[in-house]
Amino acid sequence: MVEAVQGAGVVVTGAGGGIGAALARRFAAEGARVVVNDLDADRVKAVADEIGAIAVPGDASAVVGEARDALGGAVDIYCANAGVGSGGSEAAGEDVWALAWDVNVMAHVRAAEALIPGWLERGGGRFVSTVSAAGLLTMIGAAPYSVTKHGAYAFAEWLSLTYRHRGIKVHAICPQGVRTDMLAATGSAGDLVLQPTAIEPDAVADALMKGIAEERFLILPHPEVAGYYQARATEPDRWLTTMNHIQQKWEAGE
Ligand SMILES: NC(=O)c1ccc[n+]([C@@H]2O[C@H](COP(=O)([O-])OP(=O)(O)OC[C@H]3O[C@@H](n4cnc5c(N)ncnc54)[C@H](O)[C@@H]3O)[C@@H](O)[C@H]2O)c1
């Protein structure tokens, strides 16, 4: 059991399925009191019924107030997990870029705005951001996703370094492929780069619990991502050439 989780009031957004549902199940199994949120009201109610959680359906951007009331006045752990897969290039379209920005970044900012004052007053709180390895690296064929996940990572990092000495803990989960509806929707690019090493959503929950127990900011359910991230930082041109080879493979339909 993870001590910081037992009895905690936890919110998980995007918990109607996939990684969010797996995180919610694990938090409940670890003895937390859980609020689950999703745009899909039916699916999130089903998850809530299954694990004895409270469902707060709706947009992840506006869940904190209702969730706090449902948890008796305080959110201890907030998981900004809802996300959109948003593929496409520079020409994906304004609406696609706007939605990716809104869900993948601004929902985190809005939640933090609602949570941080209370956490500073209490001297503690925990913000968990489901980013992606795309937030450290990039995702072939998905510019809006890659750019906004870099934004989510940057925001999590900023929160951590700004409030670290005031009791606020932040975790950024950065997996590669995870077998969910989102991965299934990535099509041939996902088949090429994500499917071969894809893991189950439960493995992401395992990694988060370990990361919380060890108080680590960066949580890598695929440990090999650390090496790719290092290569990107230290040898950017070599890394870009390697990534471009993957791009060309994808274009050739290999
Ligand atoms: N599946 C992967 O390979 C993978 C890898 C790395 C990171 N991630 C990230 O994990 C998170 C969860 O994705 P998943 O793979 O479980 O996908 P998923 O599509 O199964 O789940 C995402 C959930 O978020 C919900 N959602 C979307 N917009 C919302 C909003 N505005 N408000 C509330 N709920 C909303 C959807 O209804 C859906 O149930 C996302 O942030 C995603 O980017 C996924």
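Keep in mind that this is a model prediction, so the values were computed, not measured. Just so you know, ligand 1 is whichever comes first in the structure, and atom 1 is the first atom listed for that ligand. Numbers here simply count residues along the sequence, with the first being 1.
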Protein contact to [atom] [nearest heavy atom, distance to 0.1 Å]:
| atom | value |
| --- | --- |
| atom 11 (C) of ligand 1 | N81 O, 3.1 Å |
| atom 14 (P) of ligand 1 | T180 OG1, 3.6 Å |
| atom 24 (O) of ligand 1 | G14 CA, 3.4 Å |
| atom 3 (O) of ligand 1 | V178 N, 2.8 Å |
| atom 27 (C) of ligand 1 | G83 O, 3.7 Å |
| atom 17 (O) of ligand 1 | M182 CB, 3.3 Å |
| atom 6 (C) of ligand 1 | P175 O, 3.3 Å |
| atom 43 (O) of ligand 1 | Y145 OH, 2.7 Å |

Below 3.5 angstrom, do we get any N/O pair linking [X] and ligand 1?
| X | answer |
| --- | --- |
| L39 | yes |
| L194 | no |
| I19 | yes |
| G20 | no |
| S132 | no |

Please determine whether the number of non-hydrogen atoms from other residues, nucleotides or ligands lying under 6.0 Å from atom [atom1] of [X] exceeds 12.
| X | atom1 | answer |
| --- | --- | --- |
| E66 | CD | no |
| E214 | CD | yes |
| E121 | CD | no |
| W101 | CH2 | no |
| R238 | CZ | no |
| E224 | CD | yes |
| E94 | CD | no |

Sub-4.0 Å heavy-atom approach of [X] to ligand 1:
| X | answer |
| --- | --- |
| A152 | no |
| D38 | yes |
| V63 | no |
| D59 | yes |
| K149 | yes |

Give the atom numbers and elements of ligand 1 that come within less than 4.0 Å of a heavy atom of [X].
| X | result |
| --- | --- |
| G177 | 3 (O) |
| N37 | 33 (C) |
| Q176 | 3 (O), 5 (C), 6 (C) |
| G18 | 16 (O), 20 (O) |
| G58 | 32 (N), 33 (C) |
| T130 | 9 (C), 10 (O), 11 (C), 41 (O) |

Hey, which of L208, V2, V5, D202 is the one that makes side-chain contact (heavy atoms from CB on, under 4.5 Å) with R26?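 Considering L208, V2, V5, D202, a side-chain contact (heavy atoms from CB on, under 4.5 Å) with R26 is found only for D202.
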Under the criterion side-chain contact (heavy atoms from CB on, under 4.5 Å), which of K169, E30, E3, H171 is the partner of I212?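 Exactly one option meets the side-chain contact (heavy atoms from CB on, under 4.5 Å) with I212, and it is H171.
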Inter-residue atom distance [X].[atom1] - [Y].[atom2], 0.5 Å rounding:
| X | Y | atom1 | atom2 | answer |
| --- | --- | --- | --- | --- |
| W239 | Y229 | CH2 | OH | 11.0 Å |
| E251 | I140 | CD | CD1 | 9.0 Å |
| Q6 | M1 | CD | CE | 4.5 Å |

In sequence, state the C-alpha distance, the side-chain angles, and the governing distance for V63 and Y78, and then conclude on side-chain contact (heavy atoms from CB on, under 4.5 Å). CA-CA 10 Å; V63 74; Y78 185 90; 3.4 Å; yes
side-chain contact (heavy atoms from CB on, under 4.5 Å) assessment of T138 paired with R232: CA-CA 10 Å; T138 200; R232 172 178 176 268; over 6 Å; no
Pick one of side chain, backbone, both or neither for how V131 approaches ligand 1, counting any non-hydrogen atom pair under 4.0 Å.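 The answer is the backbone of V131.
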Quick one: do R110 and D59 make a salt bridge, cutoff under 4.0 Å?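 A salt bridge is absent here (no side-chain N lies under 4.0 Å from a carboxylate O).
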